[in-house]
There are 2 protein chains.
Amino acid sequence: MEILNLLLYLGKRGAIAKPVTITTSKMGSKLGISQQSISRWLITLEKDGMISREKGIRSYFVQITPVGKKYMQEKRNELNEIFERSGKIVMRGKVVSGMLDGKYYMSLKKYSEKIKSRLGFKPYPGTLNIRLDTIDDSQCKKKLCAMKGTEIPGFRRGGRTFGSVRCFPCRISGVKGAVLIPERSHYGLEVLEIISPFNLRQRLKLSNGDDVKVKVIVG
Amino acid sequence: MEILNLLLYLGKRGAIAKPVTITTSKMGSKLGISQQSISRWLITLEKDGMISREKGIRSYFVQITPVGKKYMQEKRNELNEIFERSGKIVMRGKVVSGMLDGKYYMSLKKYSEKIKSRLGFKPYPGTLNIRLDTIDDSQCKKKLCAMKGTEIPGFRRGGRTFGSVRCFPCRISGVKGAVLIPERSHYGLEVLEIISPFNLRQRLKLSNGDDVKVKVIVG
DNA sequence: ATTACTACACTTCGAGTAT
DNA sequence: TATACTCGAAGTGTAGTAA
């Protein structure tokens, strides 16, 4: 058993901030090893100063110590460095139909001209919508949402407000484009809206349900 | 040996993007185990589909496969979630004098009213500037810069453009405030601009050179 | 020089079981 | 109910050595 997995189990239950209730058998079945082994591992982790324990009536209160936290943070930093250095966020998903509103917005001069000046291309009037299938892919979009990207400011016209949009230059199956994150979107984390100088459906011969790979270069 | 450590060693050498040259004895001495054990582990990892290998003349070319990459990403996501959930960025620095432009901007109604509506407080007209001393603290600011935060839009007046500003609610020595990240700032990564409903210098009895702690709650 | 086999020590595993 | 002990099996470690 990798001790990181043990700490991960505890950390997910909040054991970094406060003592949490655990039983060795639940923990074992969750991690795929026996109750006995968990018991032994907790004793070892305690000896090594990674966790502290206090016996409850029919369970233990376990907390991750600063030593344990430091160990986890080291691994986290190493992993983050490796993946951030490569500086790519890759998402996979399936082509789906949009609500045609992307087409409308991208045909507005105020948007398309700003995009031209900020991203260096005039967007084809329309967006390609991609449904992200796995949780990992949605997490990637969440990460994008938390980043700044290239902002295309909103505007008002005839009493109506058109919200701002953030863009993240990307490659979709090798073709230049950008992921669109509207300030106010109809879609959740599971749908990616893509613009491109090209009509992507035509250019990549895409139909609904086709698999595509979107690569965003970050940093 | 935790297999994550093996993948970490390879990942640090760039084995996610391309095959890298390694020898079992170097890898072993770096990881603190024998050449023989590394040899056996690499065979195991290859069998498990985590890495691919090709024999060179006096070394191996090793690359992490998509399976191995996925394993690493899972661990990374789990760790990031655990630490991001706790959601605090803490920075330390010393109070320094600003250029008095913060005072000017915060006295503009367009800004202060928007801040009132978005952050829930009317900013004292002035910013507290903090010089971040360590690289770690600057890295924290960099992380903030890459996040979205609460956006206060810019505006135009009399032909002049006032840029937008992003805010991150924070506590400074326990007092409510917000870190300001102007779209176009005079300051680099090493200076933090803070606003608050209070005159922080008065309220916290601060003089230039005093140490302060800024805690930003994220997520 | 390298990798990786064999052999054997030591560690970690789960089942049974005491508490 | 829970934890954690003993003990035989399986896994992981290094040394020696072949290729």
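To find a chain, count down the sequence lines: A is the first, B the second, and so on, and within it residues start at 1.
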To the nearest Å, how far apart are [X] [atom1] and [N] [atom2]?
X      : N       : atom1 : atom2 : result
I33(A) : dT12(C) : CD1   : C1'   : 9 Å
M1(B)  : dT12(C) : CE    : P     : 12 Å
L6(A)  : dT12(C) : CG    : P     : 12 Å
Y60(B) : dA1(C)  : OH    : P     : 18 Å
Q36(A) : dA18(C) : CD    : P     : 14 Å

Is a side-chain donor or acceptor of [X] paired with a backbone partner of [Y] at a separation under 3.5 angstrom?
X       : Y       : value
T127(A) : N129(A) : no
K141(A) : V191(A) : yes
T24(A)  : I38(A)  : no

Can you name the salt bridge (charged side-chain N to carboxylate O under 4.0 Å, His left out) partners of [X], sequence neighbours left out?
X       : value
K114(A) : none
D211(A) : K94(A)
E151(A) : none

Kindly give the heavy-atom pair with the smallest separation between K26(B) and Y9(B), and that separation in Å.
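Shortest heavy-atom separation between K26(B) and Y9(B) comes out as C-OH, 4.2 Å.
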Five-pair end axes of the helix from dT2(C)-dA19(D) to dT19(C)-dA2(D) and the angle they enclose, rounded to 10°
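Answer for the end axes of this duplex: 40°.
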If the condition is side chain to side chain contact (heavy atoms under 4.5 Å, CB included), which residues does [X] pass it with, not counting sequence neighbours?
X       : value
K70(A)  : E74(A)
R53(B)  : L42(B), I43(B), E46(B), I51(B), Y60(B), V62(B)
N199(A) : Y124(A), R201(A), Q202(A)
S29(A)  : none

Could you walk me through whether L7(A) and Y71(A) pass the side-chain contact (heavy atoms from CB on, under 4.5 Å) check?
CA-CA 9 Å; L7(A) 293 172; Y71(A) 178 85; 3.6 Å; yes
So, with a heavy-atom separation below 4.0 Å from DNA chain C, the residues of residues 37-54 of chain A are S37(A), R40(A), W41(A)
Where along residues 21-28 of chain A does a heavy atom fall under 4.0 Å from DNA chain C?
none
Show the atom names and distances, to 0.1 Å, of all donor-acceptor pairs under 3.5 Å that link a side chain in residues 167-183 of chain A to residues at least two apart or in another chain.
unit_1	atom_1	unit_2	atom_2	d
R171(A)	NH1	G174(A)	O	3.0
E183(A)	OE1	S164(A)	N	2.9
E183(A)	OE1	S164(A)	OG	3.3

Between which nucleotides of DNA chain D, 5' to 3', does chain B make heavy-atom contacts below 4.0 Å?
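Terminal contacting nucleotides, 5' to 3': dT12(D) to dG16(D).
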